[in-house]
Structures are given as C-alpha cells and as structure tokens.
Amino acid sequence: MGSRGLVPDSYLLPSAIKACAALKALKPGRQVHAFASVNGFGSDSVLMSSLVHMYLKCNRIEDAQKLFDGMCDRDVIVWSAMIAGYSRLGIVDRAKELFNEMRNAGVEPNLVSWNGMIAGFGNAGLYDEAVMLFREMISDGFLPDGSTVSCVLPGIGNMKDVLMGEQVHGYVIKQGLESDNFVLSALLDMYGRCGCASEMSRVFDEIDQTEIGSLNAYLTGLSRNGLVDTALEVFKKFKAREMELNVVTWTSIISSCSQNGKDMEALELFRDMQADGVEPNAVTIPSLIPACANISRLTHGKAIHCFSLRNGFFDDVYVSSALIGMYAKCGRIQLSRHCFDIMPSRNLVSWNAIMNGYAMHGKARETIEMFHMMLQKGQKPDSTTFTCVLHACTQNGLTEEGWHYFNNMSKEHNVKPKMEHYACMVTLLSRVGKLEEAYSIIKEMPFEPDACVWGALLSSCRVYNNLSLGEIAAEKLFVLEPDNPGNYILLSNIYASKGMWDEENRIRDMMKSKGLKKNPGYSWIEIGQRVHTLLSGDKSHPQMKEILEKSEKLSIEIKKSGYLPMTKSVLQDVEEQDKEQILCGHSEKLAVVLGLINTSPGQPLQVIKNLRICDDCHAVIKIISRLEGREIFVRDTNRFHHFKDGVCSCGDFW
DNA sequence: ATAGGGTTAG
C-alpha cells in the first residue's frame, strides 16, 4: 500500500492488528501500534481496543493495561477483553475488580463480560465460584449462550456435580444449543468426569455430524471410565470412516492405552499416528513414555527421549518429568536424576517424579533429601509427595522417620492422610515385624481399610509367619477381593510354613472351587530389540538347552562360593531334591541366564517380574552379578533390585 | 467497512 502512495486509515488498521493477534505476532503488532501513534490515531477507541486485544493475545497484560488506562472512551467490549485477559491467566481477583470498576464507570456488563469471568474462575480451578457466577448472571436476567455453557461445564464435571450437569444439559436442549460443537464436547466431558458413561454415550450417539472435538471428548470420557476397549473400537470406527483425526485424538487414545495396561498398543498407535502424518506434540510424549516404562523397554524410552530432544519438547516440564519416571522404572535412577538436574524449570510433578524414582529404588535418604530441597525451593508438597516419602521409609524400614512424616503431613503441610498413606504406614510397621502396631493403625484409621491396607498386613504376616493376624487379614481380603488368588496363596503359605497341611489344603480347595489359579510367575527381559517372556517351570523357550547348560555351569560355581539352595522358599509338600529343582525353574533365574547367553560380557541386564522376587533368586542373582561381572536390574511388583558386585541395592530388606 | 468470549489430549 505504501509503495502505491496509499495510507492505511482507522478502518483498515484494526484488521491488520487482528491478524497480528491471531498469529500472536508481537513484533509486527508493535510496529502497527507505532504507526498508529505517529499518525494520530491514538484516540481512536476502536483502534486502541484492537491493540489491547492484540497485547492480551500475546500475553503482554502490562502493555494492554497501560493502553487501556490511557483510553478515554472505554466501552463494554474493551472492558470485557481486559476481564477475559486477566481471567485466562487465572488472576481472578483482578478480573472481578475490573468487572466492578466497569459497573461503577456506568458501563453495564453484557453476556461476553460474564462469560469471560466464568471462564477465568474455571481456569483458576475455582469451580464452585464459576457455578455461582453462572447462577448470578441468570438472576441478573442474562440468557447464557453456548459459550457460557462450555465455560461452566468443565467446572461442574470437576466437582462431579451430576445434578447441576443435568440441569445445564436440560437448558442446552431448551435453548437449542445441541448443534454447538463446543457445547457438545463440554457436555460429553462433563458426563465422563461424573462417571456417567451411559449418559455420555447417549449424548454421543445422538450427534448427527460428529465433529472432532466431540469425538476426542468422548474417547477421553470412555477411558476415564475404564472403557478402553470401547474407546479403541470407536477410534477405529472413525478412523475407518476417513475422519480427519488430529493430535488430540491420537494423544487421547494413546493415553487410554498406556493408562490401562495396553502398553504395546500405545507404542503401535504412536507409530500409526506418524504414519498418518499427524505430528506428535509436547502433550503426546508424556502420554506415551509410561508405556515404555511399564514394559521396561529402555531402548524405546531412549528413542523417545531423543525424539523429544530433536523436536524441542525436552524443556516441557511434563515431558522431562515423564522421562524421570521412565528411567527410574527402567532401573536407571542416575539418568532420572540427570534429567531432573538439567531441567530449566520444575513443578510439583517433577519433584514428585524424582522422589517416586528414589522411593522405587529404595533410596530413602535421597527421597527425604529431595523432599527437604523441594520445601527449601518453596514448592508445596501434595498427597503424592507424602506417598513417595512414606514409601521410601517403607523400603528401608525407617519407622521413626515414617511416623514423623506421617504425623507432620497434615499438621505442618495441610495434607490430610489418605488411604494410601495409611497403607504405607501399615506396610512400614509390619515389614519390620511390628505387626500388632500395624494392626492397631488399621483399627484406628478414620475410614474403612481397603484391600491395599489388609494386603500389606497379610504379606508381612507371611514374611513373619504370623498366623493369627494373617487369618484376620485374609478373611477381610476374601470378602474385599474374592477373586484375587494372591491372598489365598499367602494364607496357604503361612499354613504350609507351619506344616499345617490340612488347613493349607482347605485354602487350596477354596481356590479350586472358585476356579482360581495361582498367577504363574513370569519374567521378561529385553535383549536387543526383542522382549523374551519366561514362565516359571516352562521349558518351551527355543534356547532352553543352552539356558540349562549355562545354569548347570553357574550352579557349580555358585555352590563353590558356599551358597545353599533356600529350599524353605518352596512351599510345596515335596522332597528336598525336587524343591531344588523347582527353584531352578523360577522365571527370574531363567531370564537372567538367557540374558547372560545372548549379550556380550559386561552389558547390564534388565528383568521384570510379575510377582515379588523370591529369597533364593535374590541370593543367586547377587552371586551371579559378581561371578559374571554384570549389573543386573530386576523390577518386581514391589520395587527395584539393582545387583552389582555381589550385593543388591535393597540391602536384602524388601 | 474497524475491536471482545467457549470445548476436547498431560
């Protein structure tokens, strides 16, 4: 325009500024601002309003406020923009202040002003206040529109206020807002959060033309309600219909899988997503990383770490926190700490991630050290933080420290102990043999103990072979989770350890009549690009002959070092020699030996087991780590064991 | 002719 001798006027400039706002392009925005000032548009209220908006979109609230303060003609539009600006940042006090200032200035709020306020309270997590404002605007004579409804529904969902949600749903139908896609996805999300899966499905099925936002909200809602298989079905159906799936859709379905035990599926979907030409973003990554961690595939985890670095996602707090958790779960706690140390900024999630890592590795001193460091940095702990601290104490039998943090959490940090904290205390006390003290906590806790709490007591009763408390705990567990074979096994093992074979048989018969079988022990190990699964006592692995040969050789060496097979770990009524045989078939030993055969000397080995590692395997693997000069990482259901030079990181307490 | 608001993935 300039080169043709044309001069932009006060009608054209706002359009240019609007473009800057949409692109969040601060620099050209400032240039237009300068042009407007120089050319005498400084008192044009529409132009100034558009600049205020541009600065708000670019998160320059101070610049916006300065311009706003200098305006003489402020209408409801620019007031609303400022209110929404503060609201988006969660600065609700200031938003409310402006709302009142506006009224005092004789400018009446309109629908948009109210909507901006309500959105702000929702963003700040003040859901009940958002709902109160919603009621207030109605009594002020406003008819909420689709925008209002989609602002207020997330809050209703967060509070699980089904009744209010249904009222709003009714209002949506009455006002004919069901064709608004924003409203639909907000409704689906609300029902999903309230646990109303069937109502949610009804809403979804009635949609004429499904739009991507509603599909995404629906998939997340299904996953929230544990309906992963349905989510996958719906996902596939819409993919087959050649619907354009976006990064939210893919991230959502990947999360559903990794959060619900479908780790391989999550990894496959990540590949499909890229094949489909949808670029993962900083949200996709942390939803995928737990899948690698769960199956302990360090190779994949590292690949995703590299992917994050290449794509500039590493500075995202959630990405690096997820990596901290992944390395910890894959046994590489030093790498977790490294990720933590180089993070440019940290939040509660990052602190909890590193503390959880240390706790998982039984490093109580480091966990507690991080806890104090986090307090020192001014980060407030939450309930997860205390779970980590108490869990760490549990791993090291630190009863005094455990009591200290348990008592202080609500007193000093205003975090009320929940079920999991009581469960930690029960574990802590019963693991060190203070079974009666643990039982008295159970009796005194302010809510009905759940299966985790009783399960903690029962497994320690098994360790110390305490029959009377074991029977009490088992009786509760048989009611709480009648189909969990582990509880029957633990009680029958206590009977077996006392030679009470009649009782032992009675429990076995109970299991049989319920059609329950002992969960078979299995372990898996990643070798190169493959994961090998080994079942306890199973001889079907193609390399079984080599495994047995190597075991034979090792066993001679091991026995030379003075080791005796811990046949007391075998709780079956069989001969000593058979017991030795049974121990040799334990899946974790098979996995370790398979690893030794197939990797070059000195390479670390990585094994996961679906049950707790047994005493005998623990002792044997310690010796193997010394004989073979290998670091061996074994993750069982309870914790991490890092074997090196003949010792284990757990210090033989687990 | 020019300026304002919303949902869904951690």
Chemist: Just call it for A:Arg74: base, sugar-phosphate, or nothing, with non-hydrogen atoms closer than 4.0 Å on any strand.
Modeler: nothing
Chemist: Could you check whether A:Val183 gets within reach of a base, just the sugar-phosphate, or nothing at all, counting any heavy atom under 4.0 Å?
Modeler: base
Chemist: On a plain distance test, is the side chain of A:Asn281 in donor-acceptor contact with the base of B:dA9 below 3.5 Å?
Modeler: yes
Chemist: What is the distance, rounded to the nearest whole Å, between atom CG of A:Asp145 and atom P of B:dT7?
Modeler: 13 Å
Chemist: Once you round it to whole Å, what is the distance between P of B:dT8 and CG of A:Leu188?
Modeler: 11 Å
Chemist: Does a distance-only test, which skips hydrogens and angles, find a donor-acceptor pair under 3.5 Å between the side chain of A:Ser150 and the base of B:dT7?
Modeler: no
Chemist: Output the distance between atom CE (A:Met54) and atom CZ (A:Arg60), rounded to the nearest 0.5 Å.
Modeler: 10.0 Å
Chemist: Are the ring of A:Tyr318 and the six-membered base ring of B:dG10 within the stacking cut-offs of under 5.5 Å and under 30°?
Modeler: no
Chemist: Write down the distance between CG (A:Asp189) and C1' (B:dT7), rounded to a whole number of angstrom.
Modeler: 8 Å
Chemist: Let's see if you can work this out: which of B:dT7, B:dA3, B:dG5 has an atom nearest to the side-chain heavy atoms of A:Arg88?
Modeler: B:dG5
Chemist: Rounded to the nearest Å, what distance is computed from the CG atom of residue A:Asn260 to the C1' atom of nucleotide B:dG10?
Modeler: 15 Å
Chemist: Tell me yes or no: between the side chains of A:His338 and A:Tyr327, is some donor less than 3.5 Å from an acceptor?
Modeler: no
Chemist: For A:Ile77 and B:dA3, what is the distance between atoms CD1 and P respectively, to the nearest whole Å?
Modeler: 9 Å
Chemist: Taking CD1 from A:Ile207 and C1' from B:dT8, how many angstroms apart are they, rounded to a whole number?
Modeler: 12 Å
Chemist: Kindly state which residues belonging to residues 37-68 of chain A come within less than 4.0 angstrom of DNA chain B, counting heavy atoms of the residue only, listed by number.
Modeler: A:Val46, A:Ser49, A:Ser50, A:His53, A:Lys57
Chemist: For the pair made of CZ in A:Phe134 and P in B:dG5, what is the distance, rounded to whole Å?
Modeler: 20 Å
Chemist: Is there a donor and acceptor pair, one atom on the side chain of A:Asn115 and one on the base of B:dG4, closer than 3.5 Å?
Modeler: no
Chemist: Choosing from B:dT2, B:dT8, B:dG6, which nucleotide comes nearest the side chain of A:Tyr11?
Modeler: B:dT2
Chemist: Quick one: sort the A:His361 and A:Phe640 rings into parallel, tilted or perpendicular, breaks at 30° and 60°.
Modeler: parallel
Chemist: What is the separation between atom CE on A:Met117 and atom P on B:dG4, rounded to the nearest whole Å?
Modeler: 20 Å
Chemist: Does CG in A:Asn414 sit with more than 12 non-hydrogen atoms of other residues, nucleotides or ligands closer than 6.0 Å?
Modeler: no
Chemist: With no hydrogens and no angle check, just 3.5 Å: does a side-chain donor-acceptor pair link A:Tyr218 and A:Ser201?
Modeler: yes
Chemist: Which atom names give the shortest non-hydrogen contact between A:Ser287 and A:Thr284, and what distance separates them?
Modeler: OG-O, 2.6 Å
Chemist: Measuring from atom NZ of A:Lys66 to atom CG of A:Leu51, what distance do you get when rounded to the nearest 0.5 angstrom?
Modeler: 13.0 Å
Chemist: By the 4.0 Å heavy-atom rule, please label A:Gly116 as base, sugar-phosphate, or nothing.
Modeler: nothing
Chemist: Across the strands shown, which category fits A:Asn110 at heavy-atom distances under 4.0 angstrom: base, sugar-phosphate, nothing?
Modeler: base
Chemist: Looking for any heavy atom pair under 4.0 Å, which part of the strands does A:Thr220 touch: base, sugar-phosphate only, or nothing?
Modeler: sugar-phosphate
Chemist: I want to verify a distance call: between B:dG6, B:dG10, B:dT8, whose nearest atom is closest to the A:Val248 side chain?
Modeler: B:dT8
Chemist: Under 4.0 Å, counting only non-hydrogen atoms across every strand here, what does A:Ala282 touch: a base, just sugar-phosphate, or nothing?
Modeler: base
Chemist: Can a salt bridge be assigned to the pair A:Arg103 and A:Asp140 using a cut-off of 4.0 Å between side-chain N and carboxylate O?
Modeler: yes
